[in-house]
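When a residue number appears, it is its place in the shown sequence, counting from 1. No experiment lies behind these values; they were computed from the predicted model shown.
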Amino acid sequence: MNADAVQAPPAAAGAPEGAAAGGSAAADAVARLYGEPLFALPQDLYIPPDALEVFLEAFEGPLDLLLYLIRKQNFNILDIPMVDVTRQYLRYVDEIRSRNLELAAEYLLMAAMLIEIKSRMLLPPKKQEGAQEAEDPRAELVRRLLEYEQIKLAAAGLGSAPQYGRDFLRAQVHIEQSVVQRFPDVHVADLQEAWRDILKRAKLVQHHRITREELSVREYMSAVLKTLQGRRFVEFEELFDPSKGSTVLVVTFIALLELGKETLIEITQAEAFAPIYVRLAYVPA
């Protein structure tokens, strides 16, 4: 119902005759629909019988209902008055059975258990073998109620703890970045240091040029034979000229090996670490 229904509405189509004559016609409107007064309820309006029904107590199961009945009346849970508790429990079960039979099935099972306990308490107690006292028929029910109460209190403690999305939210702050481009602060000393590093790295880079020098082993073989010609012995070191470079030394050494292989020269040494001498090979006449 719109709160404007108590105000004097303007004349509208469909109002009773003479409604627009004065402000007293506003009192005849039972409601306002989109700002227009209604002077009678729609004929096809259907309100279910249980639409305004309110449940003051909500229970999560038979044990929850039993615990509620016991705690509400300050009964001792270790000495439950089964007559009063069973009577109140059955009254509640009859109430929900008339409305929701599926929901009442679980409660009916507990009702049968209560009636059984009540019946066993009316009979003389039977002592078990080796036991001094008879077992209380309510012992199993009391154990289940105490366990359920502990779990319910623990769940209530967890539910009271702060939860994200219910009790608090994560703070989110949006920071707008500046559109002005900001350049870094560079000093002259920084540029000088960077230039020194470039020069230092440039010195580490070296270029090697490799040239090809064609040397003939046969040519140096002839040169060695020419040196030995007319001489009895020539010391090994005299055949090499270090001033011409390592390449010439290597080729000269190969030439000596080739001459020795072809038995054109003789290489001798009197003893270990003694000088090495080279001479032309002896050719018998």
Side-chain angles (χ1 to χ4, degrees), residues 1-3 5 30-31 33 41-173:
M1 180 182 296
N2 197 322
V30 296
L33 181 62
L41 293 177
Q43 298 298 325
D44 57 347
L45 181 62
Y46 172 73
I47 300 177
D50 56 348
L52 300 179
E53 188 173 9
V54 179
F55 288 94
L56 299 180
E57 310 295 344
F59 305 104
E60 298 180 359
L63 291 177
D64 196 19
L65 173 58
L66 276 178
L67 189 63
Y68 168 77
L69 295 176
I70 293 172
R71 294 307 187 192
K72 182 179 180 181
Q73 302 178 77
N74 294 325
F75 289 152
N76 185 3
I77 196 171
L78 301 177
D79 187 15
I80 303 174
M82 297 302 301
V83 177
D84 296 337
V85 172
T86 303
R87 184 184 303 111
Q88 297 174 12
Y89 184 87
L90 291 176
R91 187 181 304 118
Y92 181 83
V93 171
D94 291 338
E95 184 70 21
I96 64 174
R97 185 172 58 180
S98 60
R99 292 173 170 81
N100 193 337
L101 186 60
E102 295 180 358
L103 180 63
E106 187 177 0
Y107 289 85
L108 289 173
L109 181 61
M110 179 59 70
M113 181 178 178
L114 293 177
I115 295 174
E116 180 189 2
I117 295 175
K118 179 181 176 183
S119 302
R120 291 171 57 189
M121 292 182 65
L122 296 177
L123 299 175
K126 294 182 180 180
K127 293 185 179 181
Q128 298 181 354
E129 296 181 1
Q132 297 180 357
E133 298 180 357
E135 183 181 1
D136 192 346
R138 302 169 294 180
E140 180 63 20
L141 178 62
V142 171
R143 183 188 63 81
R144 294 176 59 184
L145 286 173
L146 291 176
E147 290 180 355
Y148 177 77
E149 187 176 25
Q150 292 178 358
I151 296 175
K152 185 176 181 179
L153 293 177
L158 293 176
S160 61
Q163 295 183 10
Y164 173 72
R166 187 192 68 180
D167 303 316
F168 64 92
L169 297 175
R170 184 180 302 167
Q172 297 181 355
V173 180

Where do [X] and [Y] come nearest, in terms of heavy atoms and distance?
X      : Y      : result
Arg166 : Ser160 : NH2-C, 4.3 Å
Ala161 : Asp167 : O-OD2, 3.5 Å
Leu158 : Gln163 : O-NE2, 4.1 Å
Tyr89  : Met110 : OH-CB, 3.1 Å
Gly165 : Leu169 : CA-CD2, 3.8 Å
Leu69  : Gln88  : CD2-OE1, 3.6 Å

Discussion item. Between the side chains of Arg91 and Asp94, is the shortest nitrogen-to-carboxylate-oxygen separation below 4.0 Å, so that they form an ion pair?
Written reply: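 Salt bridge flag = no for Arg91 with Asp94.
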
Worksheet item: Does the side chain of Ile80 come within less than 4.5 Å of Leu145's, by heavy atoms?
Response: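 Yes; the side chains approach each other to less than 4.5 Å.
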
Practice prompt. Find out whether Asp84 and Arg87 are in side-chain contact, i.e. whether some heavy atom of one side chain is under 4.5 Å from a heavy atom of the other.
Written response: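 When only atoms from C-beta onward are counted, Arg87 and Asp84 do touch, with a gap below 4.5 Å.
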
Discussion item. I need the Glu149 CD to Leu63 CG distance, nearest 0.5 Å.
Written reply: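 With rounding to 0.5 Å, CD (Glu149) is 11.5 Å from CG (Leu63).
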
Practice prompt. Kindly compute the distance separating CD (Glu116) from CE (Met82), expressed to the nearest 0.5 Å.
Written response: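 Glu116 CD to Met82 CE: 10.0 Å, rounded to 0.5 Å.
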
Discussion item. For Arg144 and Glu140: C-alpha separation, side-chain torsions, deciding distance, then whether salt bridge (Lys or Arg N to Asp or Glu O under 4.0 Å) applies.
Written reply: CA-CA 6 Å; Arg144 294 176 59 184; Glu140 180 63 20; 5.1 Å; no

Worksheet item: Which residues satisfy the salt bridge (charged side-chain N to carboxylate O under 4.0 Å, His left out) test with Lys152, sequence neighbours excluded?
Response: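 Checked Lys152 against salt bridge (charged side-chain N to carboxylate O under 4.0 Å, His left out); matches are Asp64.
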
Worksheet entry | Derivation and outcome, side chain to side chain contact (heavy atoms under 4.5 Å, CB included), residues Leu141 and Leu114 | CA-CA 9 Å; Leu141 178 62; Leu114 293 177; 3.7 Å; yes

